[in-house]
Amino acid sequence: MQRLVIVSNRVPAVRDRKQPAGGLAVALRAAVQDHPCLWFGWSGQQIGGDGADRALGVDTVGHVTYATIGLTHKEYNGFYQGYSNAVLWPLCHYRAGFMNYNRHDQQVYASVNTLFATRLAPMLKPDDMVWVHDYHLFPLGKALRDLKVKARIGFFLHIPFPPWSLMRALPEAPALMRDLRAYDVIGVQTEDDARNMNEAFAVLGIPARARVFPIGIDPDSFFACACEGQNLPQVQRLRQDLRGLPLIIGVDRMDYSKGLLERLRGYDTFLKRYPEYRGKVTYLQITPVSRGSVPEYQSLRAELDQIVGHINGTYGAFDWTPVRYLTHPLPRELLAAFFQLSSAALVTPLRDGMNLVAKEYVAAQVPENPGTLILSRFAGAAADMEDALLVNPHDSDEIAAALHKALSLSGSERRVRWERLRAEVWRVTAAGWARSFIAAMSEVRTT
Ligand code: ADQ
């Protein structure tokens, strides 16, 4: 059986290798089970010096070998914090104004991609299937081809790809697009992303084509998690605290793309326009801090603190807190159980490649009494989740109206909407996503 080589910026931490937790690791679990696998990437560690003598960490768990390297402080700053997270991330989320572009970081980004290629190439065999993930590694395929790697190489972009009229704000955009030619398969999340990327290829006369491979979750295991989680003491305490009143939930990394400020403004409008809900509903927002040293994320945190304080100070009572706000991650089981306990979820990113939380929320519900998903039209997930209450995340009145609707839908209407969403979440799973991408790579003819 052919070996699968996964390359991603971050590789699952050692403690998560037996039982992968969250995100990419969970999504790839199925693929990893079907193939012998090498997973290569950054160890998450910063190393001293110039990196000349950096070691390759190798660890094998089952049939997966993890190979990782550290990054120097300079590489961490220029490649990860700088060009990846303060240039490509905002631009791909349609926020060119948040780009903090400089040529130095771009050069470090290019050099880390070359470093990845240099360390990975000697480990590759001609019949490997190499699957590269995400915006940190756009040029990796080209760097591997420059080293005469003949294996099949695929690339999947987890975040949106904007229209060319926006993407070209990046000085290196034409070069990045040309580098993508090195990949045998290029995958994106939605038809919109594929249209945008293919338009860019057409404008630049590049003979390459993006295809759509929407990512999903493992809904059976998430549902099982949500059911098992009901016995956790934290869940029982929250249930007692709610005294039968509805819970609204939001779960997102602290990121400006997730529309958190706009969402809280929507909740503020909801309490203003529908005073009958004051004291009668609780909103729990769970938002672990991420990329805390990028300036835009620091100011987001300060603004979130401010608006949560404003809402609680304006509407709160001695025995009622309108917004409960946490800034740390929670174990998956607890999160899933909270989803099941809640009457509605607010998933309102301004832009999102897919958004797995929307799918997890649907998967966690019990058929007899499902909660309602309020979902941004600008999440990739919205393309196939029309039975959610779809909103424009910039419009606080629309969010307020959707909250009112979610909390007043009849049981039968909630069930009809949820049944259709459920079918979709079980149709497009993480395992299916991985298998169809790998199948597309297998179909590529090698010379
Ligand atoms: P993210 O931007 O990280 O992913 P998302 O798809 O929602 O966004 O995935 C987040 C994951 O982290 C979910 O599994 C969620 O349960 C978990 N998570 C979030 N908050 C948490 C918390 N407080 N505690 C514990 N776990 C938490 C990127 C793209 C997305 C795309 C995915 C996968 O930005 O658009 O859907 O990759 O391709």
Side-chain angles (χ1 to χ4, degrees), residues 6 8-10 12 16 20-29 31 84-85 88-95 131 133-136 155-162 187-190 192-193 212-219 221-223 225-226 229 234 249-260 284-291 297 304 324-340 342 345-364 373 375-376 378-385 425 428-430 432-434 437:
I6 295 169
S8 59
N9 170 53
R10 289 298 294 272
D16 295 331
L24 192 60
V26 171
L28 287 169
R29 180 163 42 184
S84 295
N85 286 335
L88 292 172
W89 176 273
L91 183 60
C92 288
H93 287 86
Y94 296 60
R95 301 294 283 270
W131 189 4
H133 290 266
D134 233 359
Y135 58 102
H136 315 86
F155 176 75
F156 185 77
L157 184 65
H158 289 257
I159 66 174
F161 191 86
V188 292
Q189 301 268 26
T190 67
D192 278 354
D193 301 321
V212 181
F213 297 88
I215 196 168
I217 61 165
D218 178 348
S221 84
F222 203 81
F223 178 65
C225 228
Q234 298 95 316
I249 194 162
V251 172
D252 319 70
R253 277 185 309 102
M254 191 181 287
D255 194 297
Y256 49 79
S257 68
K258 302 291 180 187
L260 293 159
L284 173 62
Q285 177 63 49
I286 305 166
T287 298
V289 175
S290 77
R291 305 173 193 170
Y297 289 74
L304 285 169
R324 298 185 188 191
Y325 173 54
L326 314 183
T327 57
H328 51 82
L330 292 185
R332 202 165 179 70
E333 218 176 49
L334 193 53
L335 211 58
F338 284 172
F339 283 160
Q340 193 173 92
S342 57
L346 276 169
V347 183
T348 57
L350 306 181
R351 283 288 155 190
D352 218 326
M354 179 55 65
N355 195 298
L356 298 179
V357 172
K359 300 191 174 195
E360 290 167 355
Y361 184 72
V362 169
L373 174 65
L375 178 63
S376 162
F378 308 130
D384 292 320
M385 297 184 96
V425 169
V428 179
T429 61
W433 165 76
F437 194 94

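One-based numbering, in listed order, for ligands and for the atoms of each.
A search for side chain to side chain contact (heavy atoms under 4.5 Å, CB included) contacts involving T287 returns M254, L260, Q285, Y325, not counting sequence neighbours. For K258, the salt bridge (Lys or Arg N to Asp or Glu O under 4.0 Å) partners at least two apart in sequence or on another chain are D352.
Closest non-hydrogen pair, P214 versus W433, comes out as O-CD1, 3.4 Å. F223 and Q340 make their closest contact through CE1-NE2, 4.0 Å (heavy atoms, listed as atom of the first residue, atom of the second, distance). Considering all non-hydrogen atoms of both residues, Y135 and I159 come closest at CD2-CD1, 3.5 Å.
For ligand 1, the atoms lying closer than 4.0 Å to a non-hydrogen atom of I215 are 33 (C), 38 (O). Heavy-atom proximity to V251, at under 4.0 Å, picks out these atoms of ligand 1: 19 (C), 20 (N), 21 (C). Distances below 4.0 Å separate heavy atoms of G353 from the following atoms of ligand 1: 35 (O). Counting the atoms of ligand 1 from 1 in the order shown, those under 4.0 Å from a heavy atom of V357 are 7 (O), 15 (C). For ligand 1, the atoms closer than 4.0 angstrom to any heavy atom of P329 are 22 (C), 23 (N), 24 (N). For ligand 1, the atoms sitting less than 4.0 Å from at least one non-hydrogen atom of Q189 are 31 (C), 38 (O), numbered in the order shown with element in parentheses.
The backbone N or O of I215 sits less than 3.5 Å from a side-chain atom of Q189, completing a donor-acceptor pair. A donor-acceptor pair is defined here as one N or O able to donate and one able to accept, closer than 3.5 Å; no such pair exists between the side chain of N355 and the backbone of A381.
Around atom 26 (N) of ligand 1, the closest heavy atom drawn from T327, L335, L356 belongs to L335. Nearest-heavy-atom check against atom 8 (O) of ligand 1 across H328, K258, M354, Q285 picks out K258. Relative to atom 29 (C) of ligand 1, the option among R253, H158, M254, H133 with the closest non-hydrogen atom is H158. Counting only non-hydrogen atoms, the option in I286, D352, L157 that gets closest to atom 35 (O) of ligand 1 is D352.
Any N or O atom pair closer than 3.5 Å counts here, and P288 shares no such pair with ligand 1. Ligand 1 has no nitrogen or oxygen under 3.5 angstrom from a nitrogen or oxygen of T287.
Note on ring orientation: taking the six-membered ring where Trp is involved, the planes of Y256 and Y297 are tilted (angle from 30° to 60°). Using a 30° and 60° split on the angle between ring planes, H133 and W131 fall in the tilted class, from 30° to 60°.
Contact between W89 and ligand 1 is present, with at least one heavy atom of the residue lying under 4.0 Å from the ligand.
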